[in-house]
K.L.:
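Okay, here's the structure, questions in a sec.
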Amino acid sequence: MDIRVESLHKQFSGFAALHGIDLSIRSGELIALLGPSGSGKTTLLRALAGLVPIDGGRILFGERDAATLTLRERRVGFVFQHYALFKHLDVFENVAFGLRSRPRRERPAAAEIAARVDALLRRVQLGGLAGRLPDQLSGGQRQRVALARAMAIDPTVLLLDEPFGALDAKVRVELRRWLRQIHDDTGYTTVFVTHDQEEALELADRVVVLNQGRIEQVGTPDEVYRQPVSSFVFDFIGRGAQIAGQARAGQFLVDGRPVYALRSTIGDGPALLSVRPHHFEIAAPEHGLRGQVRQQRQLAGRITLDVQLEAGAQVVEVDLDALQSGLAPAVGARIGLQPVAGTVFRAAD
Amino acid sequence: MSADPALAEPAWLRRLLIALVVVAMGLLVALPLAVVIVESLAQGWQAYVAAIAEAETLAAIRLTLLVAAITVPLNAVFGIAAAWALTRYEFRGKRLLLALIDLPFAISPVVAGLVFVLLFGAQGWFGPWLAERDLQVIFALPGIVLATVFITFPFVARELIPLMAAQGRDEEEAAASLGAGGWTLFWRVTVPNIRWALLYGVLLCNARAMGEFGAVSVVSGHIRGLTNTLPLQVEILHNEFSFAAAFAVASLLTVLALLTLVLKAWLEARHGDALARSGRH
Ligand SMILES: Nc1ncnc2c1ncn2[C@@H]1O[C@H](COP(=O)(O)OP(=O)(O)OP(=O)(O)O)[C@@H](O)[C@H]1O
Ligand SMILES: [Mg+2]
């Protein structure tokens with residue numbers, strides 16, 4: 001089902017947690033809500049689920065205003081950050097809860113409930129654990145029970161709050177692929193919250209970047225990575241350096257020297273050049289940004305240099321791929337750094 | 001913990017402290033308990049049974065059971081409602097309410113009793129209104145129940161509030177978003193999560209409801225065979241120098257106390273994790 005959010009506002013005792021959120025989620029999409037702590041991700045998710053009242057704007061489920069729907073009618077499958085499994089019910093009963101809670105005339109027969117729960121448990125690979133209590137499960141298993149429980153009500157939309165937040169790195173990566181798989185198999189419209197940009201970029205069809213209760217950018221992972229609309233988005237999505245300078249006549253100048261040809265038009269004045277670590281080329285000291293190599297680090301087959309720029313004594317990271325690594329300048333060498341791709345933002349005034 | 005030599009007291013001090021506690025507990029707790037049992041049986045089993053089978057005592061037992069049977073369920077419901085409101089909603093005056101919950105513990109029971117007399121007694125605020133309708137509150141069952149409800153109100157609420165605050169709303173929200181109505185949510189999610197703490201609170205509430213003396217004494221009027229609860233009956237018998245009978249009746253209250261202690265210990269040992277961590281009495 002398509003979901004539309006129109007100028008949504010939410011206050012907590014005078015403090016605006018969300019202001020003016022506009023977002024449309026297409027049926028079957030997998031969307032990531034990405035943002036730093038306190039940016040309003042959970043609040044937006046809870047507003048979608050109807051778990052917090054909203055103070056302005058509206059949410060449409062298809063053509064219907066969500067304000068007119070009860071929680072049961074919304075049929076939102078919510079996966080809580082800390083799972084919120086029913087501690088006193090076993091895995092089977094946790095998953096069956098939504099079906100058993102239906103009003104009598106819509107409630108499936110016991111045999112059908114059992115069949116559906118079994119199918120769901122197999123889908124989340126927990127077939128043998130139906131009789132366990134939640135505290136007899138590992139974190140990853142609990143997470144999967146929570147997902148099966150949410151899917152049992154055949155949700156109009158699946159909402160997941162930091163689904164992998166409490167898991168260790170390896171399990172995270174496994175579960176994340178697996179979630180994508182489940183999404184592709186079931187076709188459920190899915191929104192998940194994360195503050196891990198890698199997770200968002202790898203998993204989502206579209207990424208919504210939130211900052212201080214506002215949407216900074218909505219786009220495909222590629223768009224938000226390659227064409228960030230603000231220096232906040234650039235900074236939040238992936239590593240990179242932001243270098244202060246001047247935009248003038250199609251050039252970006254640092255200390256009066258042109259270091260980068262602008263590709264988009266931006267008015268003259270103070271500006272920030274944002275460059276990813278692998279978008280620098282090493283040049284002779286008289287080209288590009290002047291600096292000195294401070295450190296060389298090897299990380300998983302990649303070489304990263306810490307280069308201290310002359311301008312502002314700022315330290316930037318430069319990634320060299322395997323081919324260049326033979327040519328890596330030694331620590332202490334004075335070099336020039338030539339940005340080959342970057343984005344220029346007007347400096348905040 | 002005592003492995004740290006810097007924190008270990010000298011052996012003589014440790015032994016002295018332990019001895020002090022043992023002596024104090026013996027004098028203050030074990031001895032009176034023994035006295036009650038020994039004295040109540042001083043004139044033999046038959047005298048003991050006769051004292052309890054006495055009509056006025058039987059009436060006192062019935063009244064005490066009746067008062068507890070009304071008070072405890074009422075306060076279980078009030079306690080759950082109060083804990084729910086105070087942990088699930090934000091509203092003005094919440095802190096004040098939280099502080100007021102302990103008022104019955106802080107105030108002298110006699111004062112509590114007097115307040116009810118002032119409100120519902122013949123000369124009280126609602127006295128004339130009640131008299132017109134031929135309703136008697138003071139010196140009757142309603143007054144005794146009112147006073148007992150007031151005195152025992154905090155037990156359940158105080159047990160549940162820290163627990164429900166610590167548990168948060170997650171499971172209830174999960175249930176609601178899965179389509180559970182309020183009733184299902186309460187019985188299938190909330191109650192199972194609080195049941196042991198609730199039982200613990202009910203246990204303490206019951207012990208106090210049956211044992212309350214001060215407030216009940218003020219509102220009861222001591223009408224023999226009619227408005228005397230067990231503790232009042234003990235006092236009356238004692239004042240009449242029927243010591244053996246007084247101790248016999250007192251032994252009933254003592255057994256109740258011991259039973260409560262055993263159940264309480266069992267709950268703490270078996271379900272300690274499901275009880276509130278703070279607010280333990
Ligand atoms: N119940 C509440 N009462 C008051 N303020 C709240 C409440 N819930 C959230 N807030 C505030 O609203 C803002 C957004 O909170 P939210 O939980 O949505 O952030 P988040 O993006 O999910 O952060 P995190 O990544 O830390 O989970 C925060 O500043 C938070 O302090
Ligand atoms: Mg959050």
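Here the structure is a predicted model, which means the values were calculated and not measured. Chain letters run A, B, ... following the sequence lines, proteins first, then strands; residues in each count from 1.
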K.L.:
Could you tell me which portion of A/Leu89 (side chain, backbone, both or neither) has an atom closer than 4.5 angstrom to a non-hydrogen atom of chain B?
P.N.:
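Side chain only.
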K.L.:
Within a 6.0 Å radius of atom NE2 on A/His82, are there more than 12 heavy atoms belonging to other residues, nucleotides or ligands?
P.N.:
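Counting other residues, nucleotides and ligands, NE2 of A/His82 stays at 12 neighbours or fewer.
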K.L.:
Report which part of A/Arg149 has an atom under 4.5 Å of a heavy atom belonging to chain B: side chain, backbone, both, or neither.
P.N.:
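The answer is both parts of A/Arg149.
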K.L.:
Under 4.5 Å heavy-atom distance to chain B, tell me which part of A/Phe86 shows up: side chain, backbone, both or neither.
P.N.:
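For A/Phe86, the contact with chain B is made by backbone and side chain together.
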K.L.:
Heavy-atom count check: over 12 atoms from other residues, nucleotides or ligands less than 6.0 Å from A/Glu106 CD?
P.N.:
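Correct, the count exceeds 12.
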K.L.:
Which residues, numbered in order, of residues 166-193 of chain B come under 4.5 angstrom of chain A by heavy-atom distance?
P.N.:
B/Gln167, B/Asp170, B/Glu171, B/Glu173, B/Ala174, B/Ala175, B/Ala176, B/Ser177, B/Leu178, B/Gly179, B/Ala180, B/Gly181, B/Thr184, B/Arg188, B/Val189, B/Pro192, B/Asn193
K.L.:
In terms of heavy-atom contacts, does CD of A/Gln212 have more than 12 from other residues, nucleotides or ligands at under 6.0 Å?
P.N.:
no
